[in-house]
Amino acid sequence: MSLRVLFALLLSLPVAAAEIAAVASPDGAVRFVLAANSKGDLEYTVTFQGKPVIETSGIGITVDRVNLAQGAETGKIDRYQTKETYPWHGVHSTATDHSNGARVALTHLKSRASYTLEIRAYNDGIAFRHVAPGSGARVPDEATVFRLPDGSTLWYHNLEDHYEAQHMRKSLRAVPPGAWLAPPVTFMLPKGAGFASITEGALRNYSGLAFQGDGNGGLHARLGHAVPASYPFRLRYAQDVERLTRPAAIDGTIATPWRVVLIGADLNALVNADVVHNVAAPPDPKLFPEGLKTEWVKPGRSLWSYLDGGNNTLEGMKEFSRLAKELSFEYNLLEGFWSRWPERDLKELADYSRGLGVRIIIWKHSNALRDAKSIRDFFDMCSRTGVAGAKIDFFDHEHKDVVGLYETLSRAAAEHKLVLDFHGSNKPTGQERTWPNVIGMEGIRGMEMGAPYAQHEVTLPFTRMLAGLADYTPT
């Protein structure tokens, strides 16, 4: 073999990426590795017990259309650990936040923009986010891919019905190019290597995350503006469809939500993972002095007069409250017909029901709660009449403009000591930790959509419900 041929062969060989930082879980089973490829672009891999969960994938953030991960210089790496427990509702009563973390200082060489990639590795998953300091209005976007191992099997649904669709089971190779996937996307790793699910945590002041397949094993992160408007949104908010295709600007420091991959040997490990709410902020003690156990915050089951032809009068709803008591249900939920009642009737029902140990929740269209005055007036009325809270409906989009409404409503309701149930909503991202008064988030195809589907119902605990609390409606 000539030297010229040998040299050509050497040039054709792939160049190993240079490792920048590795973060392993406390038990060592989960490992996140950040590296730079031959071009200086950032990449990452995630493994579980030595086997790939996320193959080598690009990781980054764009700011004003500049990908800060392309040609990035590494600075200081600050390592830390989280280790705490806190009360929780759900499959276990105590959540565990135990991780090894690293904050990697990075500088985009061309623009000299500095930012931080923060990484955490838990025994049951990984999480990472970008934090880009700055001032003024800037427009962030995604530049991260989740490339799954060949041979993986996925469960997901598209976003045409927003989050109210049935999950499909498909092999990774069968996911077509351009397909939209709603988080959480759960997948079974090949050769019995375990299970994983990708979603996000701590979504605040940012557009929500979805995925688009590339037909080659990659799920590309996309923000709310890039996702085609769902049928429910087109139906109710046609005038806003074009406006919300524009990327959202953020003033000051850009802090992305956490991108989360839950990982375990089996589905039970995913169900018991705490990562999504671990990365969410704890509740404000001024609003929730006892945190999750704050006295007026009471999750529960509810009767709901909707498709059963019930009598939607004051006396009819008193009967529903009596039935709720007999069933030991905590709530009676009123659809929009309450708004045609005199306020005194609503107060009479709330007082009567409270005497039975049943509390009243009332439905409200989110479109009527888009400014400070309308929100204050509505929650003041709830307080005057003694209802316990509100079911607020029809969000249907994950643009930052819509996402911000959840935060505004949650805070205002907490200031009035009211619980909330969000319908027509997005997947949860840990809101129930930050706002314990949020006791329900629908975003699930329930039985009001038609006949029950056994396969759908047994899939939900291992897909949508991995994201957090759920409001599911048998009727």
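Everything numeric here is computed off the predicted structure, so don't read it as measured data. Heavy atoms only: backbone and side chains are in, while hydrogens, waters and symmetry mates are out.
Cation-pi contact between R301 and Y331: absent, since separation from the ring centre below 6.0 Å together with deviation from the ring axis within 45° is not met. A cation-pi arrangement, defined by a distance under 6.0 Å to the six-membered ring centre and an angle within 45 degrees of its axis, is present between K318 and Y352. Cation-pi check for R236 over F394 is met; the charged atom lies under 6.0 angstrom from the ring centroid and within 45 degrees of its normal. In this structure, R433 is positioned above the aromatic face of Y86, its NZ or CZ under 6.0 Å from the six-membered ring centre and within 45° of the axis.
Annotation: the span from S366 atom OG to L409 atom CG amounts to 8.0 Å, rounded to 0.5 Å. Within the model, atoms CZ of R259 and CZ of F146 stand 7.0 Å from one another, a figure rounded to the nearest 0.5 Å. One distance of note links CE of M317 with CD of E348; it measures 14.0 Å at 0.5 Å rounding. Once rounded to the nearest 0.5 Å, the distance linking CG of L223 with NE2 of H399 reads 9.5 Å. We find the CG-CG distance between D421 and L469 to be 8.5 Å, quoted to the nearest 0.5 Å. In this structure, the separation between OG1 on T199 and CG on L262 is 7.5 Å, given to the nearest 0.5 Å.
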- Message: Under the criterion side-chain hydrogen bond (donor to acceptor under 3.5 Å, both in side chains), I'd like the reasoning laid out for H277 against D97: C-alpha separation, chi angles, the key distance, then a yes or no.
- Response: CA-CA 9 Å; H277 38 270; D97 180 353; over 6 Å; no
- Just do the side-chain contact (heavy atoms from CB on, under 4.5 Å) check on K364 and F378 with the steps written out, would you? CA-CA 9 Å; K364 187 73 171 177; F378 175 65; 3.8 Å; yes
- Test side-chain contact (heavy atoms from CB on, under 4.5 Å) applied to L356 and R322, step by step: CA-CA 7 Å; L356 300 173; R322 288 192 289 270; 3.9 Å; yes
- Message: One pair to check against side-chain contact (heavy atoms from CB on, under 4.5 Å): N278 and Y122. What are the steps and the verdict?
- Response: CA-CA 10 Å; N278 282 346; Y122 296 82; 3.5 Å; yes
- Message: Under the criterion side-chain contact (heavy atoms from CB on, under 4.5 Å), I'd like the reasoning laid out for R204 against T429: C-alpha separation, chi angles, the key distance, then a yes or no.
- Response: CA-CA 9 Å; R204 303 175 80 174; T429 64; over 6 Å; no
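Salt-bridge annotation for K391 and E442: absent, with no side-chain N of the basic residue lying under 4.0 Å from a carboxylate O of the acidic one. Note on E343 versus R384: salt bridge recorded, some NZ/NE/NH1/NH2 to OD/OE distance being below 4.0 Å. Between R243 and D401 there is a salt bridge, since at least one side-chain N of the basic residue sits less than 4.0 Å from a carboxylate O of the acidic one. Using a 4.0 Å cut-off between a side-chain N of Lys or Arg and a carboxylate O of Asp or Glu, K286 and E415 do not qualify as a salt bridge.
Closest of all the heavy-atom pairs between L303 and A324 is CD1-N, 3.5 Å. Of all non-hydrogen atoms in L154 and V175, the two that sit nearest each other are CD2-CG2, 4.1 Å. Of all heavy-atom pairs between S207 and K400, the closest is OG-N, 2.8 Å. Across every non-hydrogen atom of R445 and E164, the tightest pair is NH1-O, 3.5 Å. In plain terms, the two heavy atoms of F462 and T186 that are nearest each other are O-OG1, 2.7 Å. A29 and D27 get closest at one heavy-atom pair: N-OD1, 2.9 Å.
Between the side chains of Y206 and E398, no donor-acceptor pair of N or O atoms lies under 3.5 Å. In the model, N426 has a side-chain atom that pairs as donor or acceptor with a side-chain atom of H162 under 3.5 Å. Checked by atom type, the side-chain pair T96/D274 shows no donor-acceptor distance below 3.5 Å. There is a side-chain donor-acceptor pair under 3.5 Å between S99 and T82. Judged by distance alone, the side chains of S25 and N100 never bring a donor and an acceptor atom under 3.5 Å apart. For the residue pair N332 and S321, a side-chain donor N or O sits within less than 3.5 Å of a side-chain acceptor on the partner. Counting only N and O atoms by type, the side chains of N123 and H98 include no donor and acceptor under 3.5 Å apart. One side chain, W304 or E335, offers a donor N or O that lies under 3.5 Å from an acceptor on the other.
Checking side-chain atoms of S93 against main-chain N and O of H89 turns up no donor-acceptor pair under 3.5 Å.
Under the 4.5 Å side-chain criterion, counting only non-hydrogen atoms from C-beta, L346 is in contact with M381. Contact of the R138 side chain with the I254 side chain is registered, since non-hydrogen atoms from C-beta on lie closer than 4.5 Å.
Proximity of the aromatic rings of F32 and Y44 is defined here by a centroid distance below 6.0 angstrom, and this criterion is met.
Atom CD of Q239 has more than 12 neighbouring heavy atoms from other residues, nucleotides or ligands inside a 6.0 Å radius. Within a 6.0 Å sphere centred on NZ of K347, other residues, nucleotides and ligands contribute 12 heavy atoms or fewer.
The only option from W435, Y406, W363 that meets the ring-ring contact (aromatic ring centres under 6.0 Å, His included) definition with F422 turns out to be Y406.
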